[in-house]
Amino acid sequence: MTNLIEINGIKLTPVIEFFPTDFSRKDRKMPDGGAACAEWEPYWKSCLADSGVEGLNPIERGSCYVATSEITAEQLARALSVFLEDCGGLAELHDADSRPILSGGLAFSAYRHGILVLPTCCSDLSNLESWQTAAGYTGLSWEMLWIGHPWLSVKFQQPWLVLSDLHESDDPEARWMVDPADLRDAITAAEEELNRFKKQLAQVLSGLGFVGNAMQVAADLSGFRSAESNP
């Protein structure tokens, strides 16, 4: 356990991915240095502005993720047309099988450590379920904690929940130890924020002219299985 880092003051922040090329309407060249270079954020903001989405800030420099709590109704309304392009737009939301879950997930951070892990490739807002499962895990062997790929793994080592570093191999490397109760509190707070966001999203859908059960659709987009079970 000597190589593990004990962390407390855990926070799981719901975030949505705003990938720049999805929003760009001009022939913009991605900075040569990628997300790590100083030119990335101006490039990212310019791409979003092409689709009328302005005033957003990433949760971390070089990231494409924005906290749901920082997105206004106007920004969300403008972004939705981009998010829904692949499924056929607003009209296709009447078909439950065509509704996507918004790309993103939960940013994992801790007091005095800042952001430790962001969602990875192919993650979405339904990732809350993976964290809920992990918080209750009591097995001694590693179990996947899906946050996209690469992912984390988790195992129980009394009284701690041990989290691995990001990996895609069969040999996770232990990285952090957390109090399961602390993690459960963070999950509760994240779920409350996702419920708030779901209601905001439902209002935006109605404002855009969606006719139907906007709350159910918002629940699906937000990663909830049922709006009725998540009032």
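This structure is a prediction, so every number in the text was calculated from the model and none was measured.
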Would you say [X]'s side chain and [Y]'s backbone share a donor-acceptor pair under 3.5 angstrom?
X: Ser51; Y: Cys47; result: no
X: Ser169; Y: Asp171; result: yes
X: Thr120; Y: His149; result: yes
X: Ser222; Y: Ala218; result: yes
X: Glu70; Y: Ala67; result: no
X: Gln200; Y: Thr68; result: no
X: Arg175; Y: Leu152; result: no

**OP:** State which residue, out of Leu140, Val178, Leu4, fulfils the side-chain contact (heavy atoms from CB on, under 4.5 Å) condition with Val162.
**Re:**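 Among the candidates, only Leu4 passes.
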
[X] side, atom [atom1]; [Y] side, atom [atom2] - distance, nearest 0.5 Å:
X: Ile147; Y: Leu106; atom1: CD1; atom2: CG; value: 9.5 Å
X: Trp44; Y: Met30; atom1: CH2; atom2: CE; value: 13.0 Å
X: Trp146; Y: Cys122; atom1: CH2; atom2: SG; value: 6.0 Å
X: Thr133; Y: Leu128; atom1: OG1; atom2: CG; value: 9.5 Å

request  = Measure across His94 and Arg99 and return the closest heavy-atom pair with its distance rounded to 0.1 Å.
outcome  =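 Shortest heavy-atom separation between His94 and Arg99 comes out as O-NH2, 3.7 Å.
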
Check: Do you know the tightest heavy-atom contact between Val117 and Trp176?
Finding: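 Minimum heavy-atom contact is CG2-CH2, 3.6 Å.
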
Tell me, do [X] and [Y] make a side-chain contact under 4.5 Å, heavy atoms counted?
X: Tyr65; Y: Pro119; answer: yes
X: Leu12; Y: Leu183; answer: yes
X: Phe108; Y: Leu145; answer: no
X: Lys198; Y: Asn195; answer: yes
X: Trp40; Y: Cys64; answer: yes
X: Ile7; Y: Arg112; answer: no
X: Leu221; Y: Pro100; answer: yes
X: Leu84; Y: Cys87; answer: yes

Notebook entry, point to check: Between Gln216 and Asp220, does a side chain to side chain donor-acceptor pair (under 3.5 Å) hold up when you go through it step by step?
Noted result: CA-CA 6 Å; Gln216 179 63 68; Asp220 292 342; 3.2 Å; yes

TODO: State whether Glu41 and Lys45 are salt-bridged, where the test is any N-O pair (Lys NZ or Arg NE/NH1/NH2 against Asp/Glu carboxylate O) under 4.0 Å.
DONE: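 Yes, charged N to carboxylate O under 4.0 Å.
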
So, applying salt bridge (charged side-chain N to carboxylate O under 4.0 Å, His left out) with Asp50, which one of Arg25, Arg78, Arg28 is it?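 So the option named by the test is Arg28.
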
>> For the aromatic rings, using the six-membered ring if either is Trp, is the centroid distance between Phe19 and Phe83 under 6.0 Å?
In response: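 Distance test on ring centres: not under 6.0 Å, no.
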
